[in-house]
Amino acid sequence: LGTAAYFSAPDLFPLIVFKGVNLSVKHGNSHESTIAYSSYGIILCAVLGDIEAGYRFGQLALRLLSRFNGGGLRARTLEMVNNFVKHWKEALRKGLELSLEAFQSGLQTGNFEWASYAAQNYCVNSFIVGKELGGLEEEFKKYSEVIGKLKQEIPFYSSKLNQQTVLNLIDKSENPYRLVGKSYNEEKMLSRHLQANDGCSLFALYLTKTLLCYLFQKHHEAVENAAKAEKYLDNVTGEAVFPLFHFYNSLSLIAVFPHAQRLEKRRILKKVAMIQKKMKKWAHHAPMNYLHKFYLVEAERCRILSENTKAIEFYDQAISLA
């Protein structure tokens, strides 16, 4: 039930996790306890904000996995810990190889669902950490074809969306902030995602449009898409795209600040301050992933407030850390 609940009924996900943890505590650990503990790690890190405890539960799941020799749950446990827990404490780039290991394990044991998620997450996180776009296009195409053959729809369409994002960024799209091209068509896919109640794909679509609109200086459209993505945040709890959304949401809000009315300006500053409080905490635990993002937003915030000396200092720190 866990995976289905995570994607389609996120309010049910913690209840299922708590039941799994309670059963393990009461009756002893089993093979399936690896899923309960890794899921509990997700909730601790991303929902309750207890990153240290969540990380320890992730490590516990991996130790149990080796005791029970992995088997059919190896791909799922590896990818859950890697994609949802580890980046709160470790460099996101380090997890790329583990996603490929989970992918291979899933193929070997017949867990095609989690093999597909591992491949999709490998692609998304490769993009986030800044791998070269030309090479990414080829990798995304390769893994999309594999996921398509495994008939896993949610990760398949997500991979096609990621591929189209890269095509837009390397100048192979007529309109770089619209996801319409040879790999993905947002106008056709939006109704499909809505009909399937696929919150994960809807979040990915709106986050990607936020990112593209911001980069191509359609700032008001970026803010509009960020507001739509925010409605589906619960569908990506714990994933690396969760803090990425907050980063681009802050940047987009700051970009429209000079043209906003007085009350709206106050609302923007309040919201950015709230996001920065979260980002600072994430940066405390994983500076290699989040500290440069924190400083870039701080630099932009100081710029719009005409605190130029501070802005220059924060820009320098952001560049150095990135």
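In what follows, every heavy atom counts, from backbone to side chain, and hydrogens, waters and symmetry copies are set aside.
Y37 places none of its side-chain heavy atoms less than 4.5 Å from the side chain of V81. The side-chain heavy atoms of Y40 and F18, taken from C-beta on, include a pair separated by under 4.5 Å. Within the 4.5 Å cutoff, the side chain of S183 has heavy atoms near those of the L167 side chain. In this structure, N125 and L96 have side chains that are in contact, with non-hydrogen atoms separated by less than 4.5 Å. Contact of the N225 side chain with the T208 side chain is not registered, since no non-hydrogen atoms from C-beta on lie closer than 4.5 Å. A 4.5 Å side-chain heavy-atom check between T237 and F13 finds every atom pair outside the cut-off. Put simply, the side chain of T109 does not reach to within 4.5 Å of the side chain of R74, judged on heavy atoms. Between L296 and F314, the closest side-chain pair of non-hydrogen atoms is not below 4.5 Å.
Legend: residues meeting salt bridge (Lys or Arg N to Asp or Glu O under 4.0 Å) with R76, ordered by chain and number and at least two apart, are absent. S99 meets the side-chain hydrogen bond (donor to acceptor under 3.5 Å, both in side chains) test with E79, N82; sequence neighbours excluded. Partners of E153 by side-chain contact (heavy atoms from CB on, under 4.5 Å), not counting sequence neighbours, listed by chain and number: Y157, R192.
Annotation for K141: atom NZ does not count as buried by contact number, only 12 or fewer foreign heavy atoms lying within 6.0 Å. Counting heavy-atom neighbours within 6.0 Å of Y290 OH, excluding the residue itself, gives a total above 12. Residue-environment remark: CG (L305) exceeds the threshold of 12 foreign heavy atoms within 6.0 Å. Heavy-atom contacts from other residues, nucleotides or ligands closer than 6.0 Å to CD of E97 number 12 or fewer.
A cation-pi arrangement is present between K265 and F257, with the terminal nitrogen or guanidinium carbon under 6.0 Å from the aromatic centre and inside a 45° cone about the axis.
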Quiz prompt | Steps toward salt bridge (charged side-chain N to carboxylate O under 4.0 Å, His left out) verdict (E298, R301) | solution = CA-CA 5 Å; E298 279 298 284; R301 189 179 65 82; 3.0 Å; yes

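Using a 4.0 Å cut-off between charged side-chain N and carboxylate O, E137 and K131 make no salt bridge. Using a cutoff of 4.0 Å between basic side-chain nitrogens and carboxylate oxygens, K142 and E139 are not scored as salt-bridged. Between E224 and K209 no salt bridge is recorded (no basic side-chain N to carboxylate O distance below 4.0 Å).
The nearest pair of heavy atoms linking L179 to Q164 is CD2-CG, 4.0 Å.
Placement of L15 and I43 in two distinct hydrophobic clusters is found when ILVMFWY residues are connected by side-chain heavy-atom separations under 4.5 Å, directly or transitively.
For Y122 and Y143, the distance between ring centers is under 6.0 angstrom.
For the ring pair (Phe, Tyr, Trp, His ring centres under 6.0 Å) with W88, the qualifying choice from F57, Y55, W282 is W282, the only one to do so.
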